Amino acid sequence: MIDKRVDGAAAAVADIPDGAAVMIGGFGEAGSPIELIHALIDQGASRLTVISNNTGSGEVGLAALLKAGRVAKVICSFPRTANSTVFPELYRAGAVELELVPQGTLAERIRAGGAGIPAFYTPTAVGTPLAEGKEHRSFGGREHVLERGIRADFALIKGRIADTHGNVLYHRTARNFAPPMATAAEVTIVQVGAVVSAGAIDPEAVVTPGIFVDRVVHVPQPLQESELVAAGARYP
Amino acid sequence: MNARGGGEAGMPAAASPANRAAGVGASAAAVPGDRGAGATAAAREERASLGWSRDQIARRVAQDIPNGSYVNLGIGLPELVARFVPEGRSLVYHTENGLLGMGPSPAAGEGDPELINAGKRRVTMMPGAAFFDQATSFAMIRGGHLDLSVLGALQVARNGDLANWSTGADDAIPAVGGAMDLVAGVRRVFVLTQHVTKEGEPKLVDACTYPLTGRGVVDRVYTDLAVIDVTPEGFRLVELAPGVDFGHVAARTGAAILPPID
């Protein structure tokens with residue numbers, strides 16, 4: 001009988017090694033799996049490559065992981081946000097590498113990685129500094145740039161509900177990067193507010209099919225990044 | 001990009017019935033300006049006496065959006081456009097973080113921290129709204145399914161090049177978001193911007209000096225002074241703001257500007 005439930009965030013992230021590539025879902029605070037990130041901070045893995053759209057705010061969640069010095073490289077589209085001070089400081093100090101990727105190219109690189117497509121041509125960024133040094137090719141008289149699919153060792157994502165098979169439903173705009181990231185990691189770990197038995201989710205409504213999910217962690221009352229930042233919280 | 005990144009604070013309040021009603025077909029009407037609190041009295045006087053206010057530019061843009069359009073509004077000044085959709089037109093707003101059918105911001109302190117727009121501000125959803133993941137959202141954008149994108153600008157060149165994400169300064173934290181995808185994929189791109197920078201430098205130029213967002217992507221520019229098309233011949237005036245003459249615009253444009261076609 002398939003049951004992907006894992007007892008707690010700490011157990012779920014226990015085997016993430018130093019140097020791992022980790023996709024982290026979320027667009028700003030929406031969909032940021034804070035409890036899984038905090039467990040990763042506690043666990044101690046370092047020299048991580050983080051693939052995420054942003055770099056967190058305040059000193060909680062993703063920003064706290066950066067502040068703890070665990071991240072060697074960030075692949076993202078928008079590494080500054082309101083209340084985002086940790087990444088800018090580290091970047092200016094040369095303490096973290098940045099690979100800046102247009103948001104849609106980032107999404108498609110992750111989608112492609114998960115779909116077994118090693119690379120693809122896109123018109124996005126042609127003629128800009130972000131296309132420099134990349135292979136170009138013309139299709140239909142229009143210039144395109146070659147971008148590579150991304151895969152990761154782990155993906156940490158947040159959902160609203162999952163069943164024991166790992167089928168996931170999301171909450172509004174918290175969905176964002178989670179579905180493509182779930183497909184592109186060797187091990188996908190989802191934290192959800194509720195876990196139900198197989199059969200309780202209408203199969204027509206499933207957003208991420210369970211084949212893409214390895215571990216389901218029940219986090220009944222997830223923290224909200226903006227509330228923590230407003231309260232001046234820091235992790236740890 | 002800067003225009004987006006700066007959009008987190010000071011956004012307009014939700015549309016009210018009053019300003020929607022006032023928005024009907026009134027591009028040349030004098031409307032009391034709602035300047036930022038930081039504007040000096042002198043600057044307010046100068047702005048009020050010449051050209052369109054921020055709201056009036058937004059209203060002018062809204063007049064040109066056909067009924068039924070699927071529209072992505074950039075964060076910051078372009079977001080104002082949603083307040084001025086003429087009566088009787090129905091538009092569907094797309095926010096690239098994963099929502100079609102975005103509605104106005106909720107009252108302060110209300111809303112859902114996981115129902116946000118691309119500027120990470122809380123929004124609402126309209127009847128008929130849909131959520132989707134990032135790969136799907138950018139398939140809409142890159143695949144040419146959106147009718148219009150309204151973006152801010154640092155510079156627009158006479159050939160339609162757009163720079164709106166970085167000044168290239170050494171100490172800047174580079175951030176691009178979805179701007180490069182929007183200009184590459186959306187059918188029409190409008191730019192909504194002040195005609196000159198705070199320092200008085202032209203933003204419409206012969207060639208962009210800042211890093212590009214895209215080459216030859218801008219169709220039309222709306223500023224406080226004029227509406228200007230980007231054509232194969234360069235900038236061409238479409239319409240002057242009230243009280244503004246052609247020479248005034250030409251003197252503040254860093255490239256040749258052609259008179260309107262009769």
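Throughout, protein chains are lettered first and strands after them, A, B, ... in sequence-line order, and every chain is numbered starting at 1. Treat the numbers as computed from the prediction; the structure is a model and nothing was measured.
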Report which part of [X] has an atom under 4.5 Å of a heavy atom belonging to chain B: side chain, backbone, both, or neither.
X	value
Leu98(A)	side chain
Tyr170(A)	neither
Tyr91(A)	side chain
Val101(A)	backbone
Gln224(A)	side chain

Any donor-acceptor pair under 3.5 Å linking the side chain of Asp163(A) with the backbone of Ile201(A)? no

Look at the side chain of Asp181(B) and the backbone N and O of Gly104(A), then say whether any donor-acceptor pair between them is shorter than 3.5 Å. yes

Does a side chain donor of either His144(A) or Ser138(A) reach within less than 3.5 Å of an acceptor in the other side chain? no

Are Gln103(A) and Gln134(B) linked by a side-chain donor-acceptor pair shorter than 3.5 Å? yes

Charged N-O contact under 4.0 Å between Arg188(B) and Asp219(B): no

If you count heavy-atom pairs under 4.5 Å with chain B, which of Leu130(A), Leu106(A), Ile110(A) comes out on top? Leu130(A)

Largest heavy-atom contact set with chain B, pairs under 4.5 Å, which of Gly28(A), Ser32(A), Gly127(A): Gly127(A)

Identify whether NZ of Lys or CZ of Arg in Arg80(A) sits under 6.0 Å from the centre of the six-membered ring of Phe78(A) and within 45° of that ring's axis. yes

With rounding to the nearest 0.5 Å, note down the distance linking OG1 in Thr136(B) to CZ in Arg111(A). 9.0 Å

Which answer fits [X], side chain, backbone, both or neither, if we ask what part of it has an atom under 4.5 Å from a heavy atom of chain A?
X	result
Ala130(B)	neither
Ile116(B)	both
Phe131(B)	both
Asn117(B)	backbone

Pick out which of Glu96(B), Arg142(B), His94(B) makes a side-chain hydrogen bond (donor to acceptor under 3.5 Å, both in side chains) with Ser137(B). His94(B)

Looking at Ala163(B), Ala135(B), Gly98(B), which has the largest count of heavy-atom pairs under 4.5 Å with chain A? Ala135(B)

